[in-house]
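Following: one structure in C-alpha coordinates, then a few remarks.
Indexing begins at 1, ligand by ligand and atom by atom, following the structure's order. Just so you know, residue 1 is the first one in the sequence shown, and it goes up from there.
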Amino acid sequence: MRLSDVECECGALYRCAESETLDGEPGNLHCANCGRIVEAWQTRSKRVYRCVLTPDRSYPVVAPPPAP
Ligand SMILES: [Zn+2]
(Lines give C-alpha, C1' and ligand atoms only; values in the text may rest on other atoms or scores of the structure.)
Protein backbone atom coordinates (compact mmCIF):
# COMPACT_ATOMS: atom_id res chain seq x y z
CA MET A 1 0.00 0.00 0.00
CA ARG A 2 1.34 3.36 -1.03
CA LEU A 3 0.06 6.59 0.44
CA SER A 4 0.28 9.93 -1.23
CA ASP A 5 -1.39 13.30 -1.03
CA VAL A 6 -3.08 14.96 -3.95
CA GLU A 7 -4.04 18.60 -3.89
CA CYS A 8 -6.74 20.11 -6.05
CA GLU A 9 -6.43 23.54 -7.60
CA CYS A 10 -9.16 24.76 -5.27
CA GLY A 11 -7.10 23.80 -2.24
CA ALA A 12 -8.85 20.58 -1.26
CA LEU A 13 -6.47 17.87 -0.20
CA TYR A 14 -6.96 14.15 -0.78
CA ARG A 15 -5.13 11.22 0.67
CA CYS A 16 -4.64 8.46 -1.84
CA ALA A 17 -4.09 4.85 -0.82
CA GLU A 18 -2.92 2.76 -3.73
CA SER A 19 -2.72 -0.99 -3.47
CA GLU A 20 -0.06 -2.80 -5.44
CA THR A 21 -1.76 -6.15 -5.10
CA LEU A 22 -5.51 -5.60 -5.39
CA ASP A 23 -7.15 -5.35 -8.79
CA GLY A 24 -8.76 -2.09 -9.72
CA GLU A 25 -9.31 -0.23 -12.91
CA PRO A 26 -8.30 3.04 -14.55
CA GLY A 27 -10.31 6.01 -13.46
CA ASN A 28 -10.13 9.52 -12.16
CA LEU A 29 -10.77 11.49 -9.05
CA HIS A 30 -13.31 14.28 -9.11
CA CYS A 31 -12.95 16.94 -6.50
CA ALA A 32 -15.94 16.87 -4.17
CA ASN A 33 -15.54 20.57 -3.62
CA CYS A 34 -15.20 22.03 -7.10
CA GLY A 35 -15.84 19.09 -9.44
CA ARG A 36 -12.54 19.31 -11.27
CA ILE A 37 -10.63 16.17 -12.15
CA VAL A 38 -7.85 16.17 -9.64
CA GLU A 39 -6.08 13.06 -10.81
CA ALA A 40 -6.49 10.43 -13.50
CA TRP A 41 -4.70 7.13 -13.75
CA GLN A 42 -4.40 4.38 -16.33
CA THR A 43 -3.03 1.68 -14.11
CA ARG A 44 -5.07 -1.24 -12.88
CA SER A 45 -4.10 -0.87 -9.28
CA LYS A 46 -6.79 -0.33 -6.70
CA ARG A 47 -7.03 3.24 -5.44
CA VAL A 48 -9.00 4.74 -2.64
CA TYR A 49 -9.23 8.46 -2.04
CA ARG A 50 -10.29 10.27 1.03
CA CYS A 51 -10.76 13.97 1.40
CA VAL A 52 -8.62 15.11 4.28
CA LEU A 53 -8.95 18.84 3.85
CA THR A 54 -11.38 21.22 2.25
CA PRO A 55 -10.55 24.86 1.58
CA ASP A 56 -13.21 26.11 3.96
CA ARG A 57 -11.97 23.94 6.81
CA SER A 58 -8.27 24.50 6.83
CA TYR A 59 -6.07 23.12 9.53
CA PRO A 60 -2.44 23.86 10.19
CA VAL A 61 -0.08 21.74 8.16
CA VAL A 62 1.25 18.85 10.18
CA ALA A 63 4.40 17.09 9.07
CA PRO A 64 3.80 13.41 8.40
CA PRO A 65 5.74 10.92 10.49
CA PRO A 66 8.73 9.31 8.82
CA ALA A 67 7.99 6.22 6.78
CA PRO A 68 8.76 2.93 8.54
ZN1 LIG B 1 -11.28 21.14 -6.07
Test E18 against V48 for side-chain contact (heavy atoms from CB on, under 4.5 Å), laying out the working first. CA-CA 6 Å; E18 179 180 358; V48 176; over 6 Å; no
Apply the test salt bridge (charged side-chain N to carboxylate O under 4.0 Å, His left out) to residues K46 and E20: give CA-CA distance (whole Å), side-chain angles for both, the deciding distance (0.1 Å), then the verdict. CA-CA 7 Å; K46 180 76 172 173; E20 287 145 335; over 6 Å; no
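Listed for the W41 side chain is no donor-acceptor partner under 3.5 Å among the backbone atoms of L29.
R44 has its side chain within reach of P26: a pair of non-hydrogen atoms, C-beta onward, lies under 4.5 Å apart. Here the side chains of Y14 and V52 are not in contact, with every heavy-atom distance at 4.5 Å or above.
Protein atoms that are N, O or S and lie under 2.8 Å from the Zn ion (ligand 1) are these: C8 SG, C10 SG, C31 SG, C34 SG.
When all heavy atoms are compared, the tightest approach of A17 to M1 is CB-SD, 3.9 Å.
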